[in-house]
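Computed from heavy atoms alone, side chains included, the values below leave out hydrogens, waters and symmetry copies. So that the names make sense, note that chain A is the first sequence line, chain B the second, and so on, each numbered from 1. Remember, predicted model here, so these are calculated numbers, not experimental data.
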Amino acid sequence: MSKKEIIKLLEKIAVYMELKGENTFKVSAYRKAAQSLETDERPLDEIDDVTELKGIGKGVGEVINEYREQGKSTTLEALQDEVPAGLIPLLKIQGLGSKKIAKLYKELGIDSKDALQQACEAGKVSELSGFAKKTEQNILEAVKALGAKKDRYPIDQIAGLSLEIDSYLSEIEAIDQFNVAGSFRRFKESSKDIDYIISTDDPETVQQALLEIPNKVKEVAIGHTKISLELSYDDETIGVDFRLIEPSAYYHTLQHFTGSKDHNIRIRQLAKERNEKISEYGIEQQNGELIQYQSEAEIYEHYGVNWIAPAMREDGSEFDKSLTNILQLDDINGDLHMHTTFSDGAFSIEDMVKANIEKGYQYMVITDHSQSLKVANGLSVEQLLRQNEEIKTLNDKYDEIDIYSGIEMDILPNGELDYSDEVLAQLDYVIAAIHQSFNQPQEEIMKRLENACKNPYVRHIAHPTGRIIGKRPGYEPDIDKLCEMAEATNTILEINANPKRLDLNAEVVRKHPNIRLTINTDAHHVDHLEFMEYGVATAQKGFVHKERVINTLSREDFKDFIENNIKLKK
DNA sequence: GCCGTTTTCGGCCCGACTGTTTTCAGTCG
């Protein structure tokens with residue numbers, strides 16, 4: 001029995017209870033219990049008494065114990081007898097919540113998506129009190145669209161749409177300032193929609209301008225403070241909420257709508273303890289006076305904590321941790337993984353050097369693809385050595401930065417590495433990576449990774465799972481074992497910062513606090529150097545301290561690491 | 001259902017928008 005199974009059970013019970021019309025606090029008690037289990041770092045075997053966890057008392061404790069011991073839950077079974085399973089997908093319909101669904105079921109016997117569609121088409125729904133023609137019409141549309149529209153979009157797609165919106169908003173003069181909020185600002189791997197906070201003294205003008213945004217597909221809700229649209233992007237239709245707020249309340253609104261929900265609940269509880277009320281408009285004190293700060297940092301300081309980076313604002317546990325040494329973007333002093341026109345990059349070495357200097361980096365490593373990766377124009381030994389010479393010349397030319405010669409070397413399907421040790425010995429920095437034969441059995445994949453870890457020249461493993469978010473799962477290594485191997489051999493694991501990858505993910509780096517990390521953009525274009533913030537955010541989600549990250553070293557220490565630390569490998 | 005150095009009962013975060021009301025419930029974030 002795994003913890004995940006119990007979490008799933010509790011969440012399922014919560015959904016059924018919700019549809020049954022149980023007391024909302026009882027429902028959320030089950031959700032809180034699930035979350036408390038999820039937040040606890042220990043595996044299930046190490047938790048003897050679940051009721052020791054905050055939010056799990058006698059009632060939920062018994063449900064969990066029954067499930068642990070007997071693999072079944074009489075509580076869930078009883079609920080399933082009462083509530084038809086066909087009601088659950090209806091919760092996804094915009095505008096339909098548990099109460100309305102319960103009413104549809106009780107009064108019309110609607111127990112599935114199809115039954116709901118038929119009832120709408122027959123005009124039965126609008127005969128119920130609380131429902132009318134407009135509601136019926138909206139439900140009908142939503143039922144038909146159910147399944148057609150995705151409920152979450154990968155971060156890389158959201159990021160693309162967000163850039164388009166950014167450039168549109170920056171042209172609107174009536175806007176004082178704006179920022180993205182919500183789950184995208186928190187760097188979640190996927191988001192349901194995008195939220196924007198816009199400060200303005202002239203909401204009417206901004207509202208008009210927003211309604212004229214070119215890729216608008218649908219107006220969902222138009223209010224004074226909130227405008228919800230659906231925009232088309234990349235063959236998808238993605239929801240975007242714009243919140244308009246006067247400048248004095250801007251940072252409170254930004255904080256509020258950045259969330260997460262649980263993060264905000266913790267803040268509101270802190271407020272309540274002081275007899276204050278915090279909302280998107282400010283902090284209302286007991287005497288009715290409204291405090292409005294002009295930065296997020298001041299809002300957090302008001303409650304006795306330092307500013308918490310959005311990526312870490314998740315389940316509320318961030319308030320209980322020491323965050324002082326957590327990695328920040330400006331701790332990164334160099335990018336160790338990037339490509340040039342020698343293989344499949346779009347820019348020359350010198351262009352990349354200039355771009356890295358522009359970023360303020362103190363060192364960088366050029367790591368093109370190796371000879372076997374023909375599709376990416378991998379380098380023969382001769383090309384590699386020629387590139388090596390070119391890098392030395394550039395290194396002499398640019399004093400501002402240390403340029404190291406490296407390679408992103410393929411780990412071949414048979415487990416061998418793509419160059420001999422004699423060749424690797426001539427490079428400053430060797431990355432190993434899997435780019436082919438993803439479908440091998442896990443055992444063989446692990447053999448390949450083990451060979452790479454054990455090689456004395458391999459410093460780090462790039463994108464260790466090979467996943468592409470929302471597209472492919474990767475080659476699915478035994479990640480716990482890989483982390484052990486990396487630790488035992490002093491091999492560094494990468495957080496690939498490309499928003500398509502984010503690999504390793506936050507969960508893994510959080511679970512394995514002893515592995516050393518490096519965060520790199522894998523840039524194939526000078527613009528890709530900007531991906532670093534996604535990698536840093538991923539590390540923050542894993543509560544990674546900067547000491548764990550090799551490319552936070554100073555210029556001198558990194559030089560020392562390149563020249564002397566290779567012997568650290570066992 | 002959970003929780004508690006004011007509480008073992010009475011709270012549990014707060015506000016906007018919609019559609020239906022004729023002062024508000026339901027939904028959403």
Salt-bridge contact A:Arg467-A:Asp503 (side-chain N to carboxylate O under 4.0 Å):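 No, no charged N to carboxylate O under 4.0 Å.
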
Salt bridge flag under 4.0 Å for residues A:Lys133 and A:Glu136: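 Answer for the salt bridge query: yes.
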
Ring centre gap for A:Tyr303 and A:His263 strictly below 6.0 Å: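 No, too far apart.
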
When the [atom1] atoms of [M] and [N] are compared, how many Å lie between them, rounded to an integer?
{"N": "B:dC24", "M": "B:dT20", "atom1": "C1'", "result": "9 Å"}
{"N": "B:dC17", "M": "B:dG11", "atom1": "C1'", "result": "27 Å"}
{"N": "B:dT7", "M": "B:dC12", "atom1": "C1'", "result": "14 Å"}
{"N": "B:dT21", "M": "B:dT27", "atom1": "P", "result": "15 Å"}
{"N": "B:dT8", "M": "B:dC14", "atom1": "P", "result": "22 Å"}

Touch class at under 4.0 angstrom, heavy-atom based, for A:Asn138 against every strand present: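 Since only primed, P, OP1 and OP2 atoms lie under 4.0 Å of A:Asn138, the category is sugar-phosphate.
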
Sugar-phosphate, base or nothing in reach of A:Ile267, heavy atoms under 4.0 Å: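 Nothing, no heavy atom under 4.0 Å.
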
Send over the distance from [X] [atom1] to [N] [atom2], rounded to a whole Å.
{"X": "A:Ile227", "N": "B:dA16", "atom1": "CD1", "atom2": "C1'", "value": "13 Å"}
{"X": "A:Leu140", "N": "B:dG19", "atom1": "CG", "atom2": "P", "value": "15 Å"}
{"X": "A:Leu10", "N": "B:dG1", "atom1": "CG", "atom2": "P", "value": "13 Å"}
{"X": "A:Glu246", "N": "B:dA16", "atom1": "CD", "atom2": "P", "value": "11 Å"}
{"X": "A:Ile245", "N": "B:dC14", "atom1": "CD1", "atom2": "C1'", "value": "14 Å"}
{"X": "A:Ile265", "N": "B:dC14", "atom1": "CD1", "atom2": "P", "value": "10 Å"}
{"X": "A:Leu270", "N": "B:dC14", "atom1": "CG", "atom2": "P", "value": "13 Å"}
{"X": "A:Glu219", "N": "B:dT18", "atom1": "CD", "atom2": "P", "value": "11 Å"}

Heavy atoms from other residues, nucleotides or ligands near NZ of A:Lys216 exceed 12 (cutoff 6.0 Å):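 It does: A:Lys216 NZ has more than 12 such atoms within range.
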
Heavy atoms of other groups near A:Lys546 NZ, more than 12 under 6.0 Å: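 Open: at most 12 neighbouring heavy atoms sit under 6.0 Å from NZ of A:Lys546.
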
Phosphate OP1/OP2 of B:dT20: any A:Thr135 side-chain N/O under 4.0 Å: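 Checking A:Thr135 against B:dT20: at least one side-chain N or O falls below 4.0 Å of OP1 or OP2.
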
B:dA16 phosphate, OP1 or OP2, under 4.0 Å from A:Tyr281 side-chain N/O: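 Affirmative; the distance criterion is met.
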
Partners passing salt bridge (charged side-chain N to carboxylate O under 4.0 Å, His left out) against A:Glu476 (at least two apart in sequence or in another chain):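 A:Glu476: no salt bridge (charged side-chain N to carboxylate O under 4.0 Å, His left out) contacts found.
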
Counter-base of B:dT8, judged by Watson-Crick or G-U geometry with both distances under 3.5 Å: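 Per the H-bond distance test, none.
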
Shortest non-hydrogen separation from A:Trp307 to A:Ala297 and the atoms involved: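 Reported closest heavy-atom pair: CD1-N, 3.7 Å.
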
Minimum heavy-atom distance A:Gly239-A:Asp193, with the two atoms named: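 Where A:Gly239 meets A:Asp193 most closely, the heavy atoms are O-CB, 3.1 Å.
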
Letter per nucleotide, 5' to 3', of nucleotides 4-12 of chain B [B base touched, S only sugar-phosphate touched, - untouched; heavy atoms, 4.0 Å]: --------B

B/S/- contact track for nucleotides 23-29 of chain B, protein heavy atom under 4.0 Å: ---SSSS

Aromatic ring pairing A:Phe187/A:Phe184, orientation class (parallel under 30°, perpendicular over 60°, tilted between):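 Rings of A:Phe187 and A:Phe184: tilted, as their planes differ by 30° to 60°.
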
Contact nearer the 5' end of DNA chain B, comparing A:Lys58 with A:Glu284: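 Looking at DNA chain B, the more 5' nearest nucleotide goes with A:Lys58.
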
Pairwise 5' ranking along DNA chain B for A:Thr51 and A:Lys133, keeping only the more 5' one: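 Its nearest nucleotide being more 5', the pick is A:Thr51.
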
A:Ser73 side chain near A:Val63 side chain, heavy-atom distance below 4.5 Å: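 Touching, per the 4.5 Å side-chain cut-off.
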
